[in-house]
Amino acid sequence: MKLAADIKKRRQDKPVLLMTHLVLGYPSLDVNREVIRQMAENGVDCIELQIPFSEPMADGPVILQANQKALAAGLRVADCFAFAAGVIAEFPRINFLFMTYYNIVFRYGEKAFIRRAAEIGIRGFIVPDLPPEEGETYLQLSQQSGLAPIMFFTPTSSDERMRYVAGRGGGFVYCVARRGVTGQHTVMDANLENYLARCRRATDLPLALGFGISSRQDVAMLEGRADMAVIGTATIRLVDDRGPEAVGPFIAGLLGA
Amino acid sequence: MKKGYFGQWGGAFIPEVLYETFAGLNHAYEEARADASFWREYTRLMANYSCRPTPLTYAENLSKHFGGARIYIKREDLNHTGAHKLNNVMGQGLLVRRMGKKRVIAETGAGQHGVATATMAARFGLACTIYMGEEDVARQRPNVFWMEKLGATVVPVTDGSRTLKDAINAAFRDWVASMDDTHYVLGTVCGPHPFPEMVAWFQSIIGKEANGQIREQHGRLPARVYACVGGGSNAMGIFQGFLDEPGVELIGVEAGGKGLETGEHASRMVGDLASPGVAQGYKTMFLQDRDGQMLHTHSIAAGLDYVGVSPILADLGEKGRVRFEAATDREVIRALEMTMRTEGIIPALESSHAFVQAFKEAPDLAADEAVIINMSGRGDKDIFTIAHAFDDSSWKEFIIGLAAEYRSSYK
Ligand SMILES: Cc1ncc(COP(=O)(O)O)c(C=O)c1O
């Protein structure tokens with residue numbers, strides 16, 4: 001089943017889905033695997049595996065440092081593919097996506113990258129520095145391989161821009177809650193509600209809302225307004241502070257379990 | 001061809017949140033470019049505020065010494081704030097006024113672009129934040145002092161290699177949050193469209209002047225034009241005056257650092273360390289590993305110590321219109337010393353790279369031929385770096401003495 005259809009199906013049983021994120025190789029691939037297990041066992045639907053890049057322009061300090069430390073420890077793109085193949089086989093209920101910057105895809109070769117990702121069972125890509133205007137080949141190859149190229153809506157996007165962007169993407173749309181980089185908290189207010197309503201009108205694709213979500217309250221507020229909550233920096237901080245074992249209870253708490 | 005592309009290089013690889021900001025910037029830039037009164041306003045401002053046109057100096061002693069071509073020096077060191085950087089900054093400042101923004105941000109490597117931006121912000125009444133790699137803050141302390149005195153906030157960047165590329169990332173991180181009232185004054189002919197083209201346009205004032213000046217002084221066009229290449233703005237500035245003259249050879253000189261064979265350099269267009277990539281919003285030749293992770297770079301000149309190069313120059317290099325060479329740190333010090341002693345002119349360490357290559361080639365040219373060296377900036381503002389590079393003992397004693405004095409009065 002394609003990613004968008006899978007998300008819609010899961011939504012029939014759940015008021016809001018969860019997508020979590022981790023930086024591969026930070027603090028280590030072994031810890032990554034344990035974190036993924038805790039996420040999978042506690043009801044996460046999608047996981048973004050971020051392939052580290054030395055210039056993560058759209059990321060805030062926490063994810064930026066995680067990228068740098070993973071690279072300093074010697075992590076290669078080939079290690080990321082091998083690791084992803086392993087966890088995809090081990091946790092078949094999770095939709096895994098690759099998140100990275102375009103240079104990683106470009107250096108690997110767009111065709112080879114997308115083909116290899118499809119072979120190991122990756123469901124989609126999130127590439128924040130590749131706007132649709134620059135990504136024609138990538139978009140075409142992804143769609144051909146049945147992978148979802150995830151597009152972004154932002155509060156600065158016009159209605160027209162949203163429709164254009166959504167028409168080029170697949171899977172779901174990643175709605176950025178506010179201006180700025182990853183890792184800062186957002187509150188639900190009238191502006192955000194208006195924005196989500198605008199997003200909803202612009203596309204039939206499911207909507208994921210990200211940036212700074214960290215509590216049960218944040219997630220509950222998305223019910224009926226978006227299809228999926230994105231948890232990014234919060235789990236990285238949690239693993240730093242309290243280790244991978246803390247992730248399971250945290251996820252369960254977010255879902256009100 | 002797609003907008004913002006030069007051959008296969010360039011583009012605008014920007015996060016979606018900046019889409020509308022770039023649409024607005026492109027609009028303001030295209031309007032200004034189509035409006036002849038904008039360029040008039042710009043050149044008037046540069047004449048009144050910044051000593052333009054800068055002279056083209058005939059370097060008689062150097063010419064005699066090398067015994068070949070007549071050597072001319074385009075004096076961007078005499079531009080206000082001591083380098084070509086102000087040309088770009090004042091142009092963008094006029095655009096900022098048109099767009100009605102209240103705050104500017106910029107990255108800086110050597111500190112030269114930061115000082116220029118802080119100067120423009122002071123003159124135009126704008127708030128100003130400068131991002132500077134922590135390593136560069138340490139290397140270029142006097143420039144930090146001036147930026148702060150000019151009213152700017154200087155933010156040391158502690159991520160990555162703590163140099164220019166990291167300062168660019170940090171400036172983008174500011175911009176994605178602040179774009180409603182803030183303009184990012186990118187300092188060189190790199191980054192996403194329209195920056196390469198727009199910065200090249202402002203810097204073309206150098207080449208326009210130089211073309212007229214050399215015809216007047218030498219009676220005809222030069223055989224060769226030399227410029228150092230960090231991001232490529234001073235080079236593009238002077239080259240544009242001669243691009244349409246097929247008889248003029250254009251030579252870009254990159255940082256050869258400790259030697260191309262050591263890997264400790266910042267040469268993207270010579271040597272075999274660089275490869276095509278997409279980062280910092282554009283596609284060009286980057287110093288990167290197989291996976292696409294950027295490499296550590298080295299140059300004695302902070303302003304040349306950068307992983308990427310202008311997409312316009314990558315294209316001109318590929319097409320063979322610009323020839324690229326590299327000068328090592330050691331050669332740079334020798335050329336600087338020679339220029340000071342022989343002409344009483346103190347080029348910046350960055351600019352001295354262009355002098356190295358011109359000195360290598362001038363003897364082989366005929367006496368009725370001319371070459372122009374673009375002296376992108378002055379070196380006396382880099383006294384700490386240059387004194388350090390010369391390993392000057394009396395300077396060291398002075399610093400030790402001053403430090404002792406500060407320490408004794410410091411609680
Ligand atoms: C004096 C001087 N020359 C050259 C450069 C390199 O920049 P570009 O290649 O954009 O001219 C710098 C950068 O800081 C500089 O300060």
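Chain naming here is simple, since letters A, B, ... match the order of the sequence lines and numbering starts at 1 in each.
When side chains are defined from C-beta on, B:Phe172 does not count as touching A:Glu55, because their heavy atoms never get closer than 4.5 Å. For the pair A:Val165/B:Glu16, a side-chain contact is recorded, criterion being any heavy-atom separation below 4.5 Å from C-beta on. Side-chain contact between A:Thr154 and B:Glu20 is absent, with no heavy-atom pair separated by less than 4.5 Å.
Counting non-hydrogen atoms of neighbouring residues, nucleotides and ligands closer than 6.0 angstrom, the CG atom of A:Asp204 reaches no more than 12 such neighbours. In the displayed structure, B:Arg33 atom CZ is contacted under 6.0 Å by more than 12 heavy atoms of other residues, nucleotides or ligands.
B:Phe13 contributes atom CZ, which lies 8.0 Å from atom CZ of A:Phe106 (distance to the nearest 0.5 angstrom). In this structure, CE on A:Met57 lies 13.0 Å from NZ on B:Lys165, to the nearest 0.5 angstrom. Taking CG of B:Asp159 as the reference point, atom OG of A:Ser54 lies at 12.0 Å (rounded to 0.5 Å). Separation of atoms OG1 (B:Thr158) and CG (A:Leu64) is listed at 8.5 Å; rounding is to 0.5 Å. Rounding to the nearest 0.5 Å gives a distance of 7.5 Å between OG1 of A:Thr156 and CG of B:Leu18. Taking CG of A:Asp129 as the reference point, atom OH of B:Tyr282 lies at 13.0 Å (rounded to 0.5 Å).
Looking at A:Pro128, the atoms closer than 4.5 Å to chain B (heavy atoms on both sides) all sit in the backbone: N, CA, C or O. For B:Pro276, the parts sitting under 4.5 Å from any heavy atom of chain A are the backbone and the side chain alike. For B:Ala12, the parts lying under 4.5 angstrom from a heavy atom of chain A are both the backbone and the side chain. Proximity to chain A (any heavy atom under 4.5 Å) is shown, for B:Gln293, by both the backbone and the side chain. The parts of A:Pro56 that come within reach of chain B are both its backbone and its side chain, each placing non-hydrogen atoms under 4.5 angstrom from that chain. Proximity to chain B (any heavy atom under 4.5 Å) is shown, for A:Ile104, by both the backbone and the side chain. Interface remark: A:Glu134 contributes backbone and side-chain atoms alike to the contact with chain B (heavy atom separation under 4.5 Å). Heavy atoms closer than 4.5 Å to chain A are found in the side chain of B:Gln288, but not in its backbone. For B:Ser275, the parts lying near chain A are the backbone and the side chain together; criterion is any non-hydrogen pair under 4.5 Å. Residue A:Val127 does not touch chain B at all, counting heavy-atom pairs closer than 4.5 Å.
Most heavy-atom pairs under 4.5 Å with chain B, from the set A:Met151, A:Arg161, A:Glu133: that is A:Arg161. Looking only at heavy-atom pairs under 4.5 Å with chain A, the residue among B:Asp166, B:Val307, B:Asn169, B:Ile168 that has the most is B:Asn169. Of the listed residues (A:Asn103, A:Asn67, A:Val105), the greatest number of heavy-atom pairs within a distance under 4.5 Å of chain B belongs to A:Asn103.
In terms of modelled atom types and a separation under 3.5 Å, the side chain of B:Asp291 and the main chain of A:Val77 share a donor-acceptor contact. At distances below 3.5 Å, not a single donor-acceptor pair connects side-chain atoms of A:Arg107 with backbone N or O atoms of B:Gly277.
Every residue two or more places apart in sequence or in another chain was checked for a salt bridge (Lys or Arg N to Asp or Glu O under 4.0 Å) with A:Arg163, and none qualifies.
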